[in-house]
Student: 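Dropping a structure here in structure tokens format, bear with me for questions.
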Amino acid sequence: MEVKARAPGKIILAGEHAVVHGSTAVAAAIDLYTYVTLRFPLQSDDNNDRLILQLKDISLEFSWSLARVKEAIPYDSSTSCRSTPASCTDETLKSIAVLVEEQNLPKDKIWLSSGISTFLWLYTRIIGFNPATVVINSELPYGSGLGSSAALCVALTAALLASSISDKTRGSGWSSLDETNLELLNNWAFEGEKIIHGKPSGIDNTVSAYGNMIKFCSGEITRLQSNMPLRMLITNTRVGRNTKALVSGVSQRAVRHPDVMNSVFNAVDSISKELAAIIQSKDETSITEKEESIKELMEMNQGLLQSMGVSHSSIETVIKTTVKHKLVSKLTGAGGGGCVLTLLPTGTVVDKVVEELESSGFQCFTASIGGNGAQVCF
Ligand SMILES: Nc1ncnc2c1ncn2[C@@H]1O[C@H](COP(=O)(O)OP(=O)(O)O)[C@@H](O)[C@H]1O
Ligand SMILES: C[C@@](O)(CCOP(=O)(O)O)CC(=O)O
Ligand SMILES: [Mg+2]
């Protein structure tokens with residue numbers, strides 16, 4: 001039996017980091033996906049006693065005997081169940097880390113460890129100790145702020161949950177999950193994100209699961225209907241970074257300066273709410289005026305992100321370069337490198353700015369904003 005699932009990456013238009021501390025944020029799905037294919041072997045097949053993980057885009061394969069997995073990961077059938085998402089305890093995470101270490105990841109791929117741990121946790125909790133080959137392929141750059149971690153958790157969980165759906169309409173292409181399964185999927189994916197991010201807000205897995213554009217605050221989701229064209233240039237600085245470390249850095253700053261950081265988070269909350277209102281507004285305001293307001297909000301959000309300590313010299317270079325072309329930019333995701341968003345007001349010709357950014361070694365692309373969430377295919 002084979003099941004396929006895919007889940008999109010995302011951009012955060014406003015509110016990253018502050019959202020972890022209870023502020024509002026606005027995010028949208030983009031049309032770059034992580035794909036997961038799940039294959040269960042027949043009794044007679046080779047490998048019917050193994051769990052195999054293939055990371056196609058980085059040409060790596062990992063394989064565990066199920067006996068070894070069973071020995072390492074404690075499984076309590078009275079508390080473990082696909083319908084009740086549970087957090088991975090520190091003790092279990094340590095046992096899982098040993099299973100990952102045994103695979104001798106190449107030194108330059110050590111950053112994959114948390115993703116592989118998440119895979120083992122979600123797989124064993126949702127499917128149990130059954131043999132399978134799981135193939136993962138991602139169009140998203142890793143650790144760049146476009147939510148590859150959430151797309152992995154959402155696509156993987158979608159495939160795992162879909163494998164036990166009895167009503168499988170084969171050959172009918174990609175289809176979305178129903179609301180109940182979508183909520184379950186999102187809750188499991190959040191548990192996966194916890195392993196990778198430490199303390200995620202849940203915005204990334206939510207927008208990857210539901211798609212479109214959302215306003216998100218402390219787990220409350222408002223789906224946004226955009227009433228204006230919204231074009232963004234995405235520039236990957238190619239500076240690698242790690243969301244967990246950056247989120248933890250902001251939290252530490254908040255402990256050192258609680259009053260200041262609360263004011264910063266409150267200001268970000270207002271920016272996100274105003275941005276969401278502009279995007280949805282059906283009033284007479286012209287598109288140009290709306291774009292001017294969004295520009296200003298992005299500029300202020302970037303200033304606040306800088307005060308949180310998550311900007312980076314590469315991000316500042318992108319901002320300065322785009323300003324020369326009268327365009328406004330802000331980092332997206334955790335910052336510290338990664339990707340930068342540049343608003344492209346109606347009629348903007350991007351060729352010159354892209355040429356200048358790429359000549360500095362950055363990678364530019366545009367992505368369609370606000371598309372599909374998680375989908376499965378049988
Ligand atoms: N397809 C994948 N396979 C394995 N691990 C992945 C995959 N996609 C993401 N990850 C994990 O997520 C981490 C990147 O997540 P993170 O630092 O949150 O950045 P982002 O979510 O912006 O890409 C990687 O280091 C890796 O551990
Ligand atoms: C910084 C944060 O707001 C977004 C992180 O996104 P990413 O992993 O950098 O794509 C963290 C979170 O909301 O969980
Ligand atoms: Mg992430």
Side-chain angles (χ1 to χ4, degrees), residues 6-27 29-30 32-37 53-62 97 100 103 105 108-122 134-156 189-190 192-208 214 216-219 234 236 239-251 265 268 272 301 305 308-310 331-341:
R6 67 175 187 183
K10 59 91 231 265
I11 50 173
I12 298 186
L13 296 159
E16 49 276 270
H17 286 291
V19 68
V20 175
H21 301 269
S23 302
T24 306
V26 178
I30 54 173
L32 292 174
Y33 295 88
T34 292
Y35 296 83
V36 173
T37 305
L53 171 63
Q54 294 176 346
L55 302 181
K56 265 270 147 50
D57 50 296
I58 27 189
S59 309
L60 285 177
E61 176 170 313
F62 310 97
V100 177
Q103 296 291 316
L105 265 171
D108 62 337
K109 298 283 187 309
I110 277 301
W111 48 271
L112 279 170
S113 305
S114 59
I116 300 169
S117 292
T118 302
F119 161 76
L120 285 168
W121 166 254
L122 291 172
V134 182
V135 183
I136 302 181
N137 200 9
S138 188
E139 295 168 348
L140 290 158
Y142 296 98
S144 301
L146 299 184
S148 78
S149 60
L152 165 71
C153 297
V154 172
L156 175 62
F190 181 57
E193 270 277 85
K194 279 190 194 166
I195 296 177
I196 304 173
H197 277 198
K199 193 189 167 202
S201 63
I203 190 170
D204 286 9
N205 50 279
T206 302
V207 73
S208 180
I214 61 163
F216 183 97
C217 184
S218 301
I234 303 175
N236 189 351
V239 174
R241 85 299 170 281
N242 170 302
T243 299
K244 189 174 184 175
L246 287 151
V247 167
S248 150
V250 173
S251 295
F265 297 148
V268 173
S272 299
N301 195 171
L305 284 159
M308 290 179 215
V310 295
L331 67 84
T332 190
C339 287
V340 180
L341 289 183

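Whatever order the structure lists ligands and atoms in, that order sets their numbers, starting from 1. Since the structure is predicted, the reported quantities are computational estimates derived from the model, not experimental observations. Residue numbers start at 1 and run along the sequence shown.
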Student: For atom 3 (N) of ligand 1, what is the nearest protein heavy atom, given as residue, atom name and distance?
Tutor: Leu55 CD2, 3.7 Å
Student: Would one find an N or O of Ala334, backbone or side chain, under 3.5 Å from an N or O of ligand 2?
Tutor: yes
Student: Nearest non-hydrogen atom to atom 14 (C) of ligand 1 belongs to which of Gly198, Gly338, Ser148?
Tutor: Ser148
Student: Would Gly147 count as being in polar contact with ligand 2, using the rule that some N or O on each side must be under 3.5 angstrom apart?
Tutor: yes
Student: Find all atoms of ligand 1 within a distance of less than 4.0 Å from any non-hydrogen atom belonging to Arg241, and give their numbers and elements.
Tutor: 17 (O), 19 (O), 22 (O)
Student: For Thr206, give me all partners under side-chain hydrogen bond (donor to acceptor under 3.5 Å, both in side chains), at least two apart in sequence or on another chain.
Tutor: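 By the side-chain hydrogen bond (donor to acceptor under 3.5 Å, both in side chains) rule, Thr206 matches Asn186.
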Student: Using a cut-off of 2.8 Å, how many protein N, O or S atoms sit around the Mg ion (ligand 3)?
Tutor: 2
Student: What atoms in ligand 1 come closer than 4.0 Å to a heavy atom of Leu146?
Tutor: 22 (O)
Student: Looking only at distances, please establish whether an N/O atom of ligand 2 is found under 3.5 Å from an N/O atom of Gly145.
Tutor: yes
Student: So, is Ser113 polar-close to ligand 1, with some N/O to N/O distance under 3.5 Å?
Tutor: no
Student: What residue and atom, counting heavy atoms only, is the protein's closest point to atom 5 (N) of ligand 1, and at what distance?
Tutor: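 Looking at atom 5 (N) of ligand 1, the protein heavy atom closest to it is Gly115 CA, 3.5 Å.
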Student: Check this for me - ligand 1, Ile136, N or O atoms closer than 3.5 angstrom, yes or no?
Tutor: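 No, no N or O pair falls under 3.5 Å.
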Student: List every atom of ligand 1 that sits less than 4.0 Å from any heavy atom of Leu112, numbering the atoms from 1 in the order shown and giving each element.
Tutor: 4 (C), 5 (N), 27 (O)
Student: Can you check whether His197 has an N/O within less than 3.5 Å of an N/O in ligand 1?
Tutor: yes
Student: Could you tell me whether Glu16 and ligand 2 have an N or O pair separated by under 3.5 Å?
Tutor: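 No; the residue has no nitrogen or oxygen that sits under 3.5 Å from a nitrogen or oxygen of the ligand.
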Student: Considering non-hydrogen atoms of the protein only, which is the closest contact for atom 22 (O) of ligand 1, and what is the distance?
Tutor: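 Looking at atom 22 (O) of ligand 1, the protein heavy atom closest to it is Gly145 N, 2.8 Å.
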Student: Considering distance alone, does some N or O of Arg241 sit under 3.5 Å from an N or O of ligand 2?
Tutor: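 Min N/O separation from ligand 2 is below 3.5 Å for Arg241.
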Student: Answer yes or no: does an N/O atom from Thr243 fall short of 3.5 Å to an N/O atom of ligand 1?
Tutor: yes
Student: Do Ser149 and ligand 1 have an N or O pair less than 3.5 Å apart?
Tutor: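 Yes, Ser149 has an N/O under 3.5 Å of an N/O on ligand 1.
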Student: Look only at interatomic distance and state if Ser148 has a nitrogen or oxygen under 3.5 Å from any nitrogen or oxygen of ligand 2.
Tutor: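 Min N/O separation from ligand 2 is not below 3.5 Å for Ser148.
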Student: Below the 3.5 angstrom mark, is there an N/O of Ser149, backbone or side chain, next to an N/O of ligand 2?
Tutor: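 No; the residue has no nitrogen or oxygen that sits under 3.5 Å from a nitrogen or oxygen of the ligand.
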